[in-house]
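Contents: one structure, followed by commentary.
Please read all numbers here as calculations on a predicted model, not as lab measurements. Throughout, protein chains are lettered first and strands after them, A, B, ... in sequence-line order, and every chain is numbered starting at 1. Side chains are part of it too, since the values below use all heavy atoms of this structure and drop only hydrogens, waters and symmetry mates.
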Amino acid sequence: MDYFEPKTVSEALSLLDQHGEQAEVIAGGTDVMVDIKYKDEPGCLVNIKRIPDLNAIRESNGGVHIGPLATIHELEESDIVRERLPLLWQAAHQFASLQIRNTATIGGNICRASPSGETLAPLLVLEAEAEVTFSDGARTEPFGAFFKGPGQTSLGSRGLLTGISVPFPAAGNHAVYLKHAVRGPMDIAMVGVAVMATANADKSALDDVRVGLGAVAPTPIRAPKTEALVSGKALDAALLKEAGACSASESSPITDQRSSGEYRGWIVDALTRRGLAQCWQALTGKEVA
Amino acid sequence: MAKAEHKVLGTNMPRMGGVERVVGKGIYGIDLNLPDALCGGVLRSAHAHAKIVSIDTSAAKAIPGVHAVVTAADAPDVRYGRSYIDRYILAKDKVRYTGDPVAAVAAENQALVKEALGKIKVTYEPLPVVVDTEEAIKESAPTLHEDMPLPKNLPEGFQVKNVCGYTGVNIGDAEAAMADADVVVDEVYETRMIHPQYLEPRVAAARPEEDGRITVWTNAQAPFPVRTEVASLTGQPLNSVRVLSTDIGGGFGGKGSGVTSSAGLEPICALLAMTAKRPVMIVMDKAEETISTTIRSGAKIWIKSGVKKDGTLVARQGKVLYDAGGYSGFGNQAGGRCTQMVGGWYRLPNIHMDGLTVYTNKQVCGPVRGPGGPQATFAMESHMDSIAAELGMDPIEFRLKNVPAKGDGIVGVPKLRDSSLPETLNTAKEKIGWGKVKLGKNQGIGFATGAWIEGSGPGGGAVVKVNEDGSATVHIGKVDFGTAARFGIPMIVAEELGIPTGDVTVLNVDTDASPWDAGTVGSRSMLVSGNAVKLAAEDAREQILRMAAATLEASPEDLEIVDKQIQVKGAPSRSVSMASVCTAAHNEIGDVIGRGYFDSKASQVHEREQGSSQPFTTHAALVEVDTDTGNVTVLKYVCVHDVGFVVHPRAVEGQIEGAAAMSLGQALCEQVVHDSEGRTLNPTFVDYLMPTINMLPPIETVLVSGYPGAGPYGTKGAGEIGSVPPMACIANAIYNATGVRVRRLPLSPENVLRALREAGK
Ligand SMILES: Cc1cc2nc3c(=O)[nH]c(=O)nc-3n(C[C@H](O)[C@H](O)[C@H](O)COP(=O)(O)OP(=O)(O)OC[C@H]3O[C@@H](n4cnc5c(N)ncnc54)[C@H](O)[C@@H]3O)c2cc1C
């Protein structure tokens with residue numbers, strides 16, 4: 001197995017062009033190293049960790065620009081993420097152990113494209129965009145289009161994720177990321193639910209409700225029917241119940257050794273209700289009646 | 001019997017060698033650095049059940065740097081096993097589980113080993129796979145072992161196959177008593193396979209010596225059985241094999257009963273070394289461990305009890321299907337223990353139990369911490385709560401109504417000398433605050449009792465050598481992995497010889513020098529080595545006092561040893577140092593060598609006649625159930641134990657907390673998951689969920705006293721019993737919180753939520 005440490009993005013891209021499917025990008029390596037041990041070795045490793053300036057987290061154009069090499073712990077420690085993107089902060093905070101958070105990058109989490117990746121549903125809900133770069137140029141695309149299936153992204157084998165732009169969410173929003181796993185943060189999510197909403201002016205109804213679901217479909221997804229069902233309405237117990245069931249119906253979870261698809265559906269239902277109820281309470285100061 | 005006062009016993013002496021381990025200086029198996037050693041590795045079956053049509057090793061052998069490739073054809077045609085001798089070290093003709101060793105390689109480095117293993121061509125003819133015990137006993141199931149008969153003691157009328165062990169319990173007339181009972185409760189419980197998951201993987205190294213002998217290093221718990229099996233399975237005379245134990249990073253019985261537990265790793269390593277004529281070392285991979293080494297089996301348990309309206313138990317009937325896996329392993333022993341324990345440890349005059357140990361295409365049962373006990377107790381103690389609920393009785397009152405008293409017999413014990421069970425129940429009730437703490441929404445308290453009957457087992461010896469400076473060197477046959485060897489053993493020697501614990505050295509096992517021993521298994525370190533070491537130290541002391549008596553012109557009975565000085569009782573100024581006496585010994589007897597042994601047979605006869613005192617326990621848990629997700633949080637956990645006299649309180653508490661944590665893991669999340677083709681779906685720690693510290697509650701351990709056992713000074717075994725009650729305890733607490741009984745492990749969020757939904761909650 002060959003090993004390369006490109007010093008620039010273009011050097012990395014030409015290595016990817018040269019080696020095609022044989023090459024595997026490695027950032028923090030917390031996924032790649034496990035794969036090398038338990039699956040087939042790639043032909044070569046292209047370590048992008050030495051490329052300078054790819055781990056910045058800074059304000060830019062009405063939002064936050066995040067470099068793909070920013071570690072999960074850097075997100076957790078970042079003031080701007082904590083204050084302006086609390087949804088992403090909560091996901092980072094419930095992400096594995098400190099040792100993993102110190103090593104794992106957000107770019108790796110995104111490009112791994114595991115449906116259970118902690119930051120993915122929050123990025124969909126935040127309507128963030130990916131900056132993808134190929135040797136013939138760069139473009140941005142919404143994450144809704146970026147994820148193609150488990151482990152599949154629009155990068156293919158020759159692209160690099162070079163940036164993540166997250167617009168500031170509307171003022172006065174409230175957001176909740178709920179992770180369900182047997183061991184809490186120290187475990188892969190069976191279900192992850194991200195909910196974000198604002199309230200209307202007199203706090204009588206929820207507005208712009210967004211629901212993102214992780215680990216319950218081939219890619220992280222939004223739950224548009226649930227969002228439409230709840231947006232513009234006051235949240236009462238009946239609506240909450242309906243929203244939970246609707247959200248579950250929008251998911252298509254599989255059965256694996258962690259849990260059955262049926263159970264994952266129940267949890268989507270429960271966590272959607274829980275997330276919406278928490279938003280309602282935070283935004284209106286009222287319990288769901 | 002406990003003396004009124006001890007100098008050393010009962011204190012919390014730092015563990016011998018503890019600091020060295022913590023700072024990384026302990027020599028574990030993996031730290032062995034044998035000059036010129038090759039790396040070894042094992043090719044494991046990818047099929048759960050298949051015929052081996054052919055094995056072609058030529059391509060692997062042709063790789064430069066590969067020094068040995070071995071298969072069953074290179075080993076003597078000898079099998080191993082405990083009750084059934086049914087297994088080769090490398091599969092011959094057939095594989096019976098995914099992970100069954102098929103071939104092994106020794107090469108210059110790990111990468112070459114991997115390459116060579118990949119180049120061995122095995123042609124398999126897949127056979128139908130059976131992973132479920134209930135399926136495996138049916139006529140239609142595939143046969144795992146064509147040449148293994150049904151157990152000789154299997155009663156008439158069983159239409160079964162693939163059975164490699166039977167245990168029956170027959171006390172009184174259960175059928176008639178059941179018919180007369182006021183209330184009958186009939187249930188089925190199921191537990192799953194877990195792996196003991198000691199953090200240090202298994203390591204074996206072997207070196208052919210110039211004189212034709214072979215030295216084997218192992219981190220197994222039982223070096224002497226390893227010696228026997230390496231000799232027989234590689235065709236060597238016993239005295240050609242020397243086994244040395246390394247430091248051990250946990251075993252929990254998984255590294256327990258010689259080769260049976262380690263799936264033949266040491267003989268395979270020896271075979272490679274003999275073939276390559278070079279030292280070979282094999283370090284197992286964690287995922288390889290999880291799919292291939294021995295485990296705590298799953299059991300399916302049918303339990304039915306009859307009671308009178310007032311809560312008196314009158315009858316129990318039941319059946320156990322205990323999973324042996326692809327070979328008999330420790331299955332019959334564990335399955336038998338499980339069957340007996342489903343019979344319980346309460347006063348119960350009429351019991352009938354049938355226990356079958358069954359072959360399936362899964363990895364093999366080992367003697368994992370309390371083999372059979374946690375499974376049986378999950379069923380038995382959950383069932384006790386179900387009966388109490390059916391009767392509308394308080395679960396503590398119901399148990400107290402049926403506890404055995406002095407003079408009673410329980411399954412496996414003809415006569416009890418005393419019974420600490422009621423005291424543990426009452427103490428647990430008080431410590432958890434039963435009936436006193438105000439329970440929040442979806443909170444509940446559960447109890448479960450436990451026993452770990454001290455069974456029969458081999459004896460063992462000890463040698464205490466006193467050096468000319470008065471220090472002592474101790475040989476026992478038990479290894480050190482956190483139990484008595486480096487806690488209680490040096491303390492006993494220090495106590496008896498009147499020397500500081502720092503002057504005692506306990507050696508690692510070397511089968512060329514140490515007394516024979518069956519291994520550090522079965523909560524027997526104190527019973528066997530403790531008793532033996534006490535007698536050996538007393539023997540050494542007598543020799544010293546006899547020699548000192550002449551110098552001090554007193555009779556030996558009037559002498560005592562205090563702080564390495566031998567003095568006349570009541571006249572401490574008439575004294576002589578131990579060093580001078582032991583130095584002078586050179587001119588008389590050479591040196592002071594005390595010898596002692598634990599005579600297991602005599603002890604059993606004595607306990608049968610006089611009655612025995614058994615370790616009993618009650619655990620209590622306070623839990624909260626999230627009825628939306630099924631998540632169970634354990635808020636508080638109390639372990640009340642009778643372990644007899646306590647030599648080292650903190651070591652005992654550590655054993656109990658560790659054992660409880662281990663079974664709390666099995667209660668809440670742990671299991672090895674197989675698909676219907678017998679493949680392990682969760683071999684790595686990413687998917688095999690061990691409990692993390694954030695899942696574990698504060699554990700309070702309370703030791704009750706006044707019930708001396710058969711160990712030295714009245715100790716009882718403490719290593720396993722803590723793992724017996726937790727699964728039932730948590731299930732009972734969930735029942736108390738929600739009114740829902742979960743009869744299948746683990747009590748994972750999914751299983752709990754499913755049960756809640758099925759009950760319409
Ligand atoms: C013990 C453990 C616990 C874990 N717990 C969690 C958890 O709780 N939640 C969770 O979401 N994940 C978890 N993971 C998975 C993993 O840590 C994350 O997915 C992590 O974010 C991956 O980042 P990395 O930098 O280590 O990626 P790498 O392993 O370096 O790469 C991952 C993938 O992304 C590709 N890649 C990386 N960067 C780029 C880029 N800039 N452009 C193109 N492709 C790229 C790689 O080629 C590879 O396919 C856990 C892993 C382990 C080992």
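Residues A:V182 and B:L668 fail the side-chain proximity criterion, which asks for heavy atoms closer than 4.5 Å. The shortest side-chain heavy-atom distance between A:Y263 and B:P749 falls under the 4.5 Å cut-off.
No more than 12 heavy atoms of other residues, nucleotides or ligands sit less than 6.0 Å from atom NZ of A:K241. Annotation: B:K121, atom NZ; neighbour count of heavy atoms from other residues, nucleotides and ligands within 6.0 Å does not exceed 12. When the shell of 6.0 Å around CD of A:E21 is examined, it contains 12 or fewer heavy atoms from other residues, nucleotides or ligands.
At distances below 3.5 Å, not a single donor-acceptor pair connects side-chain atoms of A:R183 with backbone N or O atoms of B:N694.
Heavy atoms closer than 4.5 Å to chain A are found in both the backbone and the side chain of B:R754. Within the 4.5 angstrom heavy-atom criterion, no atom of B:V632 approaches chain A. If you measure heavy-atom distances from A:R274 to chain B, the contacts under 4.5 Å come from the side chain alone. At a 4.5 Å heavy-atom cutoff, B:D675 makes no contact with chain A through either its backbone or its side chain. Looking at B:S748, there are no atoms closer than 4.5 Å to chain A (heavy atoms on both sides), in backbone or side chain.
Checked against A:D187 for a side-chain contact (heavy atoms from CB on, under 4.5 Å), the options B:T692, B:D687, B:V686, B:L689 give a single hit: B:L689.
Counting heavy-atom pairs closer than 4.5 Å to chain A, the top residue among B:D285, B:D628, B:V673, B:L681 is B:D628. In terms of non-hydrogen atom pairs under 4.5 Å with chain B, the most contact-rich of A:S260, A:P185, A:A270, A:G184 is A:S260.
Proximity to chain B among residues 248-259 of chain A is limited to A:Q257, A:R258, A:S259, judged by heavy-atom separations below 4.5 angstrom.
How far NZ of B:K114 is from CD of A:E41: 5.0 Å, rounded to the nearest 0.5 Å.
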